[in-house]
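Counting starts at 1 for both ligands and their atoms, in listed order. Keep in mind the model is a prediction, meaning the values are calculated, not measured. These values consider heavy atoms only, across backbone and side chains, with no hydrogens, waters or symmetry-generated copies.
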Amino acid sequence: MEVVIGLLLMLLRVSHGVETYCDGRQDGAQCYGALGGTVVLQLMDSASEISKYRLLKNNTTAILSGIKNKIVSNLIADRSSFTPSNGTFRINNLSRTDGGEYTLEIFDSDGNSLKQRTLQLIIQAPVSSVLLVSECLSQGEMRVSCSSEGGDSPQYSWTLDGHTLTDTQLLSGNNETNNITLKQDVSGQLTCSVKNHVSTVSKTKTISTCGFIFIDCISNGTHISKWVLKASNTLCIEPTTTSTMTTSTMTPEDRSLLICGVRAAVVILILIGIAVYFAWKKKKYEKAEDSSVRRKMEDQENSVMMVEMRSSAYEL
Ligand SMILES: *[C@@H]1O[C@H](CO)[C@@H](O)[C@H](O)[C@H]1NC(C)=O
Ligand SMILES: *[C@@H]1O[C@H](CO)[C@@H](O)[C@H](O)[C@H]1NC(C)=O
Ligand SMILES: *[C@@H]1O[C@H](CO)[C@@H](O)[C@H](O)[C@H]1NC(C)=O
Ligand SMILES: *[C@@H]1O[C@H](CO)[C@@H](O)[C@H](O)[C@H]1NC(C)=O
Ligand SMILES: *[C@@H]1O[C@H](CO)[C@@H](O)[C@H](O)[C@H]1NC(C)=O
Ligand SMILES: *[C@@H]1O[C@H](CO)[C@@H](O)[C@H](O)[C@H]1NC(C)=O
Ligand SMILES: *[C@@H]1O[C@H](CO)[C@@H](O)[C@H](O)[C@H]1NC(C)=O
């Protein structure tokens, strides 16, 4: 259901441009409209009780004026509509020249100015598309650039597998720059989102590492500690002992995986041990119950023997 509604909204946006809403009832409101789209400005609660009102642009041009429910003039009537009953002014097919300062003046029945408030309308072109390009650098780092088309004042943000990129994954850049460099061991679903006040567009790409491994070993008397391309690596691969072999060819990720595996194995072994112990104990208990009758008989035999012994001792 939500998917269907989402698709319908997308279709609406595509066919009629982006629609934004702005509450202009507070003085100094900042409103954003999409180039070619529609903005709905809430100028007041209702015009029904207002003797006279006027909307000026840049303190000079009277765009709209009215008396209670009657609209006296609308300079852009061909692409806008004012609804006095709920105080909304809807402007379609926005162009750059619609941007500017709008002042609403309210008068009493004698024509005295009662109050006035202003709002800023800022027109932005929506972001139309996002391009995500990645490349491997010489040390196995990955440079990713995110570029957008069309949008005014684009703001960038990044996520990896749904989580904001952190400094531990980044070699350069941050989660708000358009070009970033990722560390050698970073992989997953990378998403770049570009947004401004009238649109958000994002692009996701599955990235794998550049195939580098971290080498940390002593070879021919020198300590080697660096990232190398795994496929063509010749450093530290001749095994002197098996332990140096395992540590030298492991990336930090592999190592933590191995530690996890060992821990899991230990826990499983302990659990199996406990289970076996209890199974054995239970069996023993059942056997004990089972044999209690037999034991009683044995006990009787014993007591007979004892009696016999006692009697024989008595005889002595
Ligand atoms: C409109 O006039 C007010 C004061 O009357 C002034 O503060 C404001 O800057 C003016 N706006 C423009 C766009 O000229
Ligand atoms: C105001 O009225 C118009 C016309 O009836 C309607 O399209 C719009 O949704 C209403 N807006 C609000 C905020 O109630
Ligand atoms: C929107 O405005 C532009 C110029 O600002 C005009 O060329 C175009 O025909 C208008 N579109 C509609 C649907 O009114
Ligand atoms: C209003 O002022 C803004 C800048 O303050 C300007 O970009 C715009 O063209 C002006 N509009 C008119 C109709 O004078
Ligand atoms: C970027 O990261 C900082 C701190 O890590 C965080 O405060 C900020 O909200 C993030 N920005 C985005 C757009 O996710
Ligand atoms: C980001 O990278 C692109 C392409 O590599 C380049 O054109 C652009 O200038 C870079 N932007 C910044 C802010 O460094
Ligand atoms: C070992 O190191 C020495 C000097 O550092 C060098 O001359 C020699 O060729 C190296 N041997 C190998 C097998 O790399």
Chemist: What atoms in ligand 6 come closer than 4.0 Å to a heavy atom of Asn179?
Modeler: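 Taking each heavy atom of Asn179 in turn, ligand 6 has 1 (C), 2 (O), 3 (C), 8 (C), 10 (C), 11 (N), 12 (C), 14 (O) under 4.0 Å.
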Chemist: Distance only, no hydrogens: is a donor on one side chain within 3.5 Å (strictly under) of an acceptor on the other, for Asp152 and His197?
Modeler: no
Chemist: Contact residues of ligand 2 with a heavy-atom cut-off of under 4.0 Å?
Modeler: Gln42, Thr83, Asn86, Thr88
Chemist: Restricting to non-hydrogen atoms, name the atom on Leu137 and the atom on Thr181 that form the minimum distance, rounded to 0.1 Å.
Modeler: CD1-CG2, 4.1 Å
Chemist: Answer yes if the ring centres of Tyr53 and Phe82 are under 6.0 angstrom apart, and no otherwise.
Modeler: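 Yes, they do, as the ring centres are separated by less than 6.0 Å.
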Chemist: Decide if the gap between the ring center of Phe212 and the ring center of Trp227 is smaller than 6.0 angstrom.
Modeler: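 Ring-ring flag for Phe212/Trp227: false, centres at least 6.0 Å apart.
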Chemist: Test of understanding: given a 4.0 Å heavy-atom threshold, classify the contact between Arg143 and ligand 6 as side chain, backbone, both, or neither.
Modeler: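 Looking at Arg143 and ligand 6, just side chain atoms fall under 4.0 Å.
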Chemist: Does Glu135 have any salt bridge (Lys or Arg N to Asp or Glu O under 4.0 Å) partners at least two apart in sequence or in another chain, and if so, which?
Modeler: Arg143
Chemist: Does Asp98 come within less than 4.0 Å of Arg79, counting only side-chain N to carboxylate O?
Modeler: yes
Chemist: Just checking, any donor-acceptor pair under 3.5 angstrom between side chains of Thr38 and Asn92?
Modeler: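 Yes, a side-chain donor-acceptor pair sits under 3.5 Å.
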Chemist: If we set the cut-off at 4.0 Å for heavy atoms, which region of Asn178 has an atom near ligand 6: side chain, backbone, both, or neither?
Modeler: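 The answer is the side chain of Asn178.
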Chemist: Hey, are Asp108 and Lys115 close enough for a salt bridge, meaning a charged N less than 4.0 Å from a carboxylate O?
Modeler: no
Chemist: May I ask you to check if ligand 3 and Ser95 share an N or O to N or O distance below 3.5 Å?
Modeler: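 N/O-N/O distance below 3.5 Å does not exist for this pair.
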